[in-house]
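Below: the structure, in structure tokens.
Below, each value reflects all heavy atoms present in this structure, side chains not excepted, and no hydrogens, waters or symmetry copies. If you read the sequence from its start, that first residue is 1, and numbering goes on from there. Counting starts at 1 for both ligands and their atoms, following the listed order. Values in this document were obtained by computation on a predicted structure and should not be read as measured data.
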Amino acid sequence: MMKKNTITGAICLVLALAIATVTGINFIELKNPGDIIPGPGVSEVHMLSEYFDGIAGTNGDTEIYVMQGKKPGGKVLILGGTHGNEPSGYMSAITFIENAVVDEGTVYVIPYTNRSGMTHNDAQEASPQYIHFSNKDGAVRTFRYGSRATNPIDQWPDPDVYVHAASGQTLSGSETRNINRAYPGVENGNLTEKVAYAITQMIKAENVNLTFDLHEASPEYPVINATVSHEKGMSVASVGLMELQFAGISMALEPSPVNLHGLTHRELGDYTDTIPLLMETANASQGRLRGATNEALALTGIDKAYEKSAELGMLYVPYDENGHPIEERVGRHLQGIIEYTKSYSEQYADAPVSFSNVPGYAELFTDSDGSDLGGARLGQYLN
Ligand SMILES: [Zn+2]
């Protein structure tokens with residue numbers, strides 16, 4: 001009898017260890033947002049904690065890719081992954097890192113701005129865990145589809161009401177983990193506030209002239225296919241917007257509301273010398289009217305429910321059977337960075353920034369016959 005119990009116990013123990021090992025490996029893998037393979041333009045890789053050691057050793061610390069030009073000039077910062085469920089944001093930043101060559105000035109790219117948010121999904125949203133691309137050599141590149149908010153493992157519980165420290169503005173408690181409501185950040189605050197503080201410190205320390213924050217939104221959200229600018233960026237944005245129209249991109253220009261606090265386009269402009277611009281593309285996989293939610297939806301945007309919603313006049317973007325593929329969305333962001341940086345460099349000629357080898361809207365989207373959209377074409381620009 002003893003012997004039989006011992007055998008049963010041993011089998012249970014081995015099974016339990018096997019399950020713990022498999023799930024443990026899975027849990028560790030989920031913490032990797034996706035490896036980045038720097039292109040020829042990357043001169044150094046730093047950690048954000050070098051600007052504020054209060055985030056050192058946390059899941060909020062994140063890589064900064066530095067791309068220094070041969071000639072001196074101004075400074076541009078590209079923020080991807082503010083919201084981990086908006087893949088065109090971080091994929092645009094990654095495509096820039098893996099391709100761009102900077103000629104004048106310096107470009108800093110933070111692909112996973114809220115890195116903690118890239119380590120989990122939004123509960124009950126049925127989001128895919130990963131998105132995949134076949135790169136230029138045919139190898140598979142894997143990136144996480146993350147969350148809008150900091151991982152509760154890193155910051156919990158949420159208060160009932162979130163009070164924005166600098167202004168006293170109150171929002172729903174879950175916004176406590178939204179980094180784009182936390183700027184300019186709090187030195188001794190929660191993790192989200194500390195990461196926002198670190199980014200503000202970095203912008204001040206490096207004297208960043210122009211900052212891009214790359215987002216996506218639901219097709220039924222009014223601020224879409226749009227650029228939101230702080231008042232001091234309106235002249236740069238309006239000239240760049242005309243160039244975008246010539247490139248075939250319909251873009252709205254929205255002034256940053258002065259009484260809406262915590263966002264990059266408000267606080268980075270108020271608290272630092274940088275000109276902050278935020279761009280939004282249309283992502284069906286985070287929308288409320290979507291059908292089945294999976295990797296294909298995130299990459300193609302093809303969705304019958306959104307086609308129907310467009311017919312009913314419920315959307316702020318055109319929507320047909322071609323959806324809004326990741327190439328269109330990344331192409332819009334990268335063309336926006338190209339045109340707004342040119343416009344900035346013309347207006348601030350003492351501190352210009354210029355770069356080449358970044359695929360734009362034509363290369364990624366309009367030059368395609370449509371057969372390679374939904375990830376295959378973007379993959380050809382990944383190392
Ligand atoms: Zn967003």
Thr227 versus Glu254, side-chain donor and acceptor atoms under 3.5 Å: no

Test item: His164 side-chain N/O and Tyr183 main-chain N/O as donor-acceptor pair under 3.5 Å: yes

Shortest-distance N/O/S atom, His83 versus the Zn ion (ligand 1): ND1

Whether Asn121 side chain and Ser147 backbone form a donor-acceptor pair below 3.5 Å: no

4.5 Å side-chain heavy-atom contact, Met118 and Phe143: no

Atom name in His215, limited to N/O/S, at shortest distance from the Zn ion (ligand 1): ND1

N, O or S from Glu86 under 2.8 Å to the Zn ion (ligand 1): yes

